[in-house]
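As the structure is a computational prediction, the values presented were derived from the model and not from experiment. Protein chains get the first letters and strands the later ones, always in sequence-line order, with residue 1 at the start of each.
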2 protein chains.
Amino acid sequence: MYEDLKYWYLRDHKLFRTLSYSQIKQLCIITGFKKASKGEIIYFSTSDVPRIFLLKKGNIKIVAIDDDGNETIKDIIQKGDLFGELTLESDNKNEEYAKVLSDDVAICSFLMSDFEDLLLRNPTLALSYTKFVGLKMKRIKNSYANLISKDAKTRLCQFLKDWAEQEGVRDGNAVTIENYLTQNDIAQIICTSRQTATQLLNEMETKNLLSYNRKEIMIPDITKI
Amino acid sequence: MYEDLKYWYLRDHKLFRTLSYSQIKQLCIITGFKKASKGEIIYFSTSDVPRIFLLKKGNIKIVAIDDDGNETIKDIIQKGDLFGELTLESDNKNEEYAKVLSDDVAICSFLMSDFEDLLLRNPTLALSYTKFVGLKMKRIKNSYANLISKDAKTRLCQFLKDWAEQEGVRDGNAVTIENYLTQNDIAQIICTSRQTATQLLNEMETKNLLSYNRKEIMIPDITKI
DNA sequence: AGCTAAGTGTAACTTAGCCGACATTTTGCT
DNA sequence: AGCAAAATGTCGGCTAAGTTACACTTAGCT
């Protein structure tokens, strides 16, 4: 990969904003680059050496298989997100893989050890990274707090609001979200059964709170959700 | 506070092992020290400047008040744990306080800004700290995954196992835990009602899986929990 | 165009565990 | 010792939501 390209791939992640052009160029930490298309499965936790990934384009879901063989969605990764062993501790045993949700994705990756070296040489970056991980933790805490104390309907609404805020195209109070999830995916994210999710979505549709189809979700008034 | 004392207070936290005696002494980052006894409430999030706290002795619980005025336990902090704004991002709004559970506690604290400076000057420490925060995140993820997918009984068992591992005194397969929690506390931690927790504990007691009282919990065979 | 698999819609049945409403026990305090 | 408050024990009704089960619709492939 051309040096310049590497530069641009890291450049627009907010984490690396503190670094100068020449600094990033010197690093050359990107060692992998991959494109994949819808439905494809990408294994990463089992791979040879621990890596950190950066999703450049598209959407993927991180799926784990539990002991009984059930799929559970661990995370939805959007364009610009880092994923993989963000804790810088490789844990051997976990059975996770990524599944491509959007039409196609571009992923670049670097070795965890390279990244560690980088952090050691750039304390400012290390501090930013810590805050970044901390922020992720705070988000997780929040969403789990929701999962636990609220009922399914509230959870669905909260999820829709979050999604709309992150990715929706807003027009006044109306928001349109590109829908790359199935109702089953949504159900898993908000930790309910597929049937319950379907029911709740239809209920909201009859109340004209939203219009749902497989391509997009339109919310006429986000403040009413 | 004497320099030497400061040294010792930080010294035995694993995070600071990488630093030499003279380094820690130079830092002098401990700016606060506090003792408190059972039942006392310590406000910290609202305080003037953002701080990070280190619990030197005893146990406390971090409690949050939600919109409806309900108490929820966010965390149980044990001797040696760091708490407060570990993410290095002060968030203004959250209504949290700490309540002392053990007979007495000793807490020391330092300013977040001082700690940040320290991290900037010690890249190795910064990296350790990042991993430390990452580990905390992983723990949280795990325990929440339990909360969501398992039933109350399984959650109680998991909680007891974790607690036993962290603080229990082991004698073969038997474990004795000093019990500084009420059944209501336990219920909140495993996210169930007090009544359900009581019922489950009694059920386990009749099955001779444990013996419970307000001072201690004795588990004859931890492998059977 | 036609087939298959994936995704969606709907209903009846079942259940864990929340909640309210007590009684009883223990603890801390004066 | 005596009192109040906190902690624990117990019960039955109630409800959200999981489960089972099946029909229908859409998307993707050859």
Side-chain angles (χ1 to χ4, degrees), chain A residues 37-41 61 63 66 68 70-73 99-104 146-159 179-207 210-217, chain B residues 37-41 61 63 66 68-73 99-104 146-157 159 179-207 210-217:
Chain A
S37 49
K38 194 166 187 170
E40 231 174 291
I41 286 177
K61 60 178 177 184
V63 181
D66 70 4
D68 313 336
N70 307 344
E71 276 199 351
T72 46
I73 293 185
K99 190 164 183 184
V100 179
L101 294 172
S102 50
D103 285 338
D104 51 9
N146 263 324
L147 286 182
I148 288 164
S149 61
K150 309 290 200 287
D151 65 2
K153 186 187 242 166
T154 316
R155 264 143 47 198
L156 176 60
C157 290
Q158 190 57 51
F159 165 73
N179 180 21
Y180 48 82
L181 298 173
T182 66
Q183 294 188 355
N184 195 21
D185 286 336
I186 294 176
Q188 280 189 54
I189 293 169
I190 64 171
C191 285
T192 187
S193 65
R194 198 222 84 221
Q195 292 88 326
T196 306
T198 302
Q199 232 165 352
L200 289 172
L201 282 170
N202 289 337
E203 194 182 312
M204 292 178 80
E205 191 144 26
T206 43
K207 285 185 188 165
L210 56 77
S211 81
Y212 179 97
N213 69 53
R214 295 185 193 192
K215 291 288 173 210
E216 65 173 33
I217 297 175
Chain B
S37 49
K38 196 166 185 168
E40 229 174 293
I41 286 176
K61 61 178 176 183
V63 181
D66 70 4
D68 313 337
N70 306 343
E71 275 199 353
T72 45
I73 293 186
K99 190 165 185 182
V100 180
L101 295 172
S102 50
D103 284 339
D104 51 8
N146 261 324
L147 285 182
I148 288 165
S149 60
K150 310 287 200 288
D151 66 3
K153 185 186 243 168
T154 316
R155 263 143 45 197
L156 176 61
C157 291
F159 165 73
N179 180 21
Y180 48 81
L181 298 173
T182 66
Q183 294 188 356
N184 195 19
D185 286 335
I186 294 176
Q188 281 188 55
I189 292 169
I190 64 170
C191 286
T192 187
S193 65
R194 198 220 86 223
Q195 291 91 324
T196 306
T198 301
Q199 230 166 350
L200 290 172
L201 282 170
N202 289 337
E203 194 184 311
M204 292 178 81
E205 191 144 26
T206 43
K207 285 185 189 166
L210 56 78
S211 81
Y212 179 99
N213 69 51
R214 295 185 193 193
K215 291 286 172 212
E216 64 173 34
I217 298 175

Please write out the pairs of protein N or O atoms and N or O atoms of nucleotides 23-30 of chain C separated by less than 3.5 Å, giving the distance to one decimal.
none

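In terms of phosphate contacts, A/Asn184 brings no side-chain nitrogen or oxygen within less than 4.0 Å of OP1 or OP2 of C/dA6.
Here C/dT10 is the nucleotide among C/dT10, D/dA17, C/dC18 with the atom lying nearest to any side-chain atom of A/Asn202. Checked against C/dG7, D/dT10, D/dA7, the side chain of A/Thr182 finds its nearest nucleotide in C/dG7. Of the candidate nucleotides D/dA17, C/dG17, C/dT8, C/dT8 has the atom nearest to the side chain of A/Gln183.
In this structure, B/Glu205 places its CD atom 12 Å from C1' of D/dT8, rounding to the nearest Å.
Nearest-nucleotide assignment on DNA chain D puts the 5′-proximal partner with B/Thr198, out of B/Thr198 and A/Lys150.
For the salt bridge (charged side-chain N to carboxylate O under 4.0 Å, His left out) test, no residue two or more places apart in sequence or in another chain qualifies with A/Lys150. Looking at residues two or more places apart in sequence or on another chain, you find a side chain to side chain contact (heavy atoms under 4.5 Å, CB included) between B/Asn202 and B/Thr198, B/Glu205. For A/Tyr212, there are no ring-ring contact (aromatic ring centres under 6.0 Å, His included) partners two or more places apart in sequence or in a different chain. With sequence neighbours excluded, no residue forms a salt bridge (charged side-chain N to carboxylate O under 4.0 Å, His left out) with A/Lys99.
Between the side chain of A/Gln188 and the main chain of A/Asp185, no donor-acceptor pair closer than 3.5 Å is present.
Note on B/Gln195: a base of the nucleic acid sits closer than 4.0 angstrom, heavy atoms only.
Of the residues in residues 185-194 of chain B, those placing a heavy atom less than 4.0 Å from an atom of DNA chain D are B/Arg194, in numerical order.
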